Amino acid sequence: MELQLAIDLLNKEEAAELAKKVEEYVDIVEIGTPIVINEGLPAVQHLNENINNAKVLADLKIMDAADYEVSQAVKFGADVVTILGVAEDASIKAAVEEAHKNDKQLLVDMIAVQDLEKRAKELDEMGADYIAVHTGYDLQAEGQSPLDSLRKVKSVIKNSKVAVAGGIKPDTIKDIVAEDPDLVIVGGGIANADDPVEAAKQCRDAIEGK
């Protein structure tokens with residue numbers, strides 16, 4: 001089971017600084033969509049140049065022109081790139097092909113997908129590396145959790161890895177870990193903690209069953 005730190009609300013320098021502090025506890029560091037919108041792909045490159053062991057994920061949430069956008073993210077140092085599960089099949093297939101051509105990975109974000117089981121099966125067959133159930137900020141505010149979605153997706157896929165995101169914190173991560181996803185994505189639960197290093201350590205310990 002992998003742990004990903006999602007960084008959304010910092011600038012690229014602050015993001016790289018945070019990533020360096022917690023890198024020993026995380027497998028993947030994400031440059032979130034807000035940072036990409038604010039600062040572009042150079043933020044991905046800056047992170048890549050400042051960490052040694054963790055993979056770098058560019059959360060582009062691609063919807064169209066998929067092979068081009070994946071190719072650009074890879075150029076700037078992304079190991080994993082995200083596309084939306086509601087994108088056209090042609091876009092998903094092009095993104096998978098471009099990522100794999102470069103020995104990189106594609107994560108499909110299931111935010112706003114209505115029929116999770118049906119779409120997860122299709123994405124699994126298209127070769128997605130990760131299928132991520134994602135309770136977005138706006139639904140988190142209504143008290144929703146990604147646990148039910150995680151169970152649904154896990155029950156139908158055979159090849160892809162399952163990722164889960166949405167308001168996960170050190171004090172709630174054990175409930176998620178109990179469902180045995182392949183990748184747990186934690187954002188503010190680490191980034192906004194009083195002590196991000198301790199929060200990252202607690203998340204890693206939970207994943208390792210300590």
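In this text the structure is predicted, and so the values were computed from the model without any measurement. Hydrogens, waters and symmetry mates are skipped; everything else that's a heavy atom, side chains included, is used.
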Counting neighbours of [atom1] on [X] that are heavy atoms of other residues, nucleotides or ligands and sit closer than 6.0 Å, is the number greater than 12?
X: E117; atom1: CD; result: yes
X: E208; atom1: CD; result: yes
X: E97; atom1: CD; result: no

Exercise for the section: Carefully, step by step, assess E125 and K121 under the rule salt bridge (Lys or Arg N to Asp or Glu O under 4.0 Å). Expected result: CA-CA 6 Å; E125 287 166 9; K121 273 187 200 169; over 6 Å; no
Going by heavy atoms in the side chains, are [X] and [Y] under 4.5 Å from each other?
X: L107; Y: I83; value: no
X: I28; Y: L183; value: yes
X: V36; Y: D59; value: no
X: V44; Y: N48; value: no
X: V29; Y: L57; value: no
X: V164; Y: I185; value: no
X: I31; Y: I7; value: no
X: K104; Y: V81; value: no

Check the side chains of [Y] and [X] for a donor-acceptor pair under 3.5 angstrom, ignoring hydrogens and angles.
X: Y130; Y: E2; answer: yes
X: Q105; Y: K55; answer: yes
X: K61; Y: T82; answer: no
X: S160; Y: D124; answer: yes

Practice task
Examine L150 and L123 and state if one hydrophobic cluster contains both, with Ile, Leu, Val, Met, Phe, Trp and Tyr joined whenever side-chain heavy atoms are less than 4.5 Å apart.
Solution key: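 Yes: a chain of side-chain contacts under 4.5 Å links L150 to L123.
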Practice task
Determine, using the 4.5 Å side-chain heavy-atom cutoff (strictly less than), whether V184 and I190 are members of one ILVMFWY cluster.
Solution key: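 Yes, V184 connects to I190 through the hydrophobic network.
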Exercise for the section: Output every pair passing salt bridge (Lys or Arg N to Asp or Glu O under 4.0 Å) with a member in residues 34-50, not counting sequence neighbours, ordered by first then second residue. Expected result: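 Qualifying pairs: K12-E39.
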Exercise for the section: May I ask you to decide whether E98 forms a salt bridge with K101, counting only side-chain N to carboxylate O separations under 4.0 Å? Expected result: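 Looking at K101 together with E98, the answer is yes, because their closest N to O distance falls below 4.0 Å.
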Problem - Trace of the side chain to side chain contact (heavy atoms under 4.5 Å, CB included) decision for V108 with L84 - result: CA-CA 6 Å; V108 183; L84 292 175; over 6 Å; no
Practice task
Hey, could you give me each pair passing side chain to side chain donor-acceptor pair (under 3.5 Å) that has a residue in residues 175-196? Not counting sequence neighbours.
Solution key: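 Pairs touching residues 175-196 that pass the test: R151-E179.
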Practice task
Sort and list the pairs that fulfil side chain to side chain donor-acceptor pair (under 3.5 Å) and have at least one residue in residues 85-95, not counting sequence neighbours.
Solution key: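 Non-adjacent pairs meeting side chain to side chain donor-acceptor pair (under 3.5 Å): D89-R119.
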Practice task
Without swapping roles, check the side chain of E23 against the backbone of I51 for a donor-acceptor pair under 3.5 Å.
Solution key: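 Pair absent, no side-chain N/O of E23 close to backbone of I51.
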Practice task
Using atom types as modelled and distance alone, determine if a side-chain donor or acceptor of D79 lies under 3.5 Å from a backbone N or O of V56.
Solution key: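 Such a contact is found between D79 side chain and V56 backbone.
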Exercise for the section: Run the numbers on D27 and Q4 for side chain to side chain contact (heavy atoms under 4.5 Å, CB included), then give the verdict. Expected result: CA-CA 6 Å; D27 303 288; Q4 176 173 316; over 6 Å; no
Handout entry: Verdict with reasoning, V162 to I131, per side chain to side chain contact (heavy atoms under 4.5 Å, CB included)
Key = CA-CA 5 Å; V162 187; I131 296 174; 5.8 Å; no
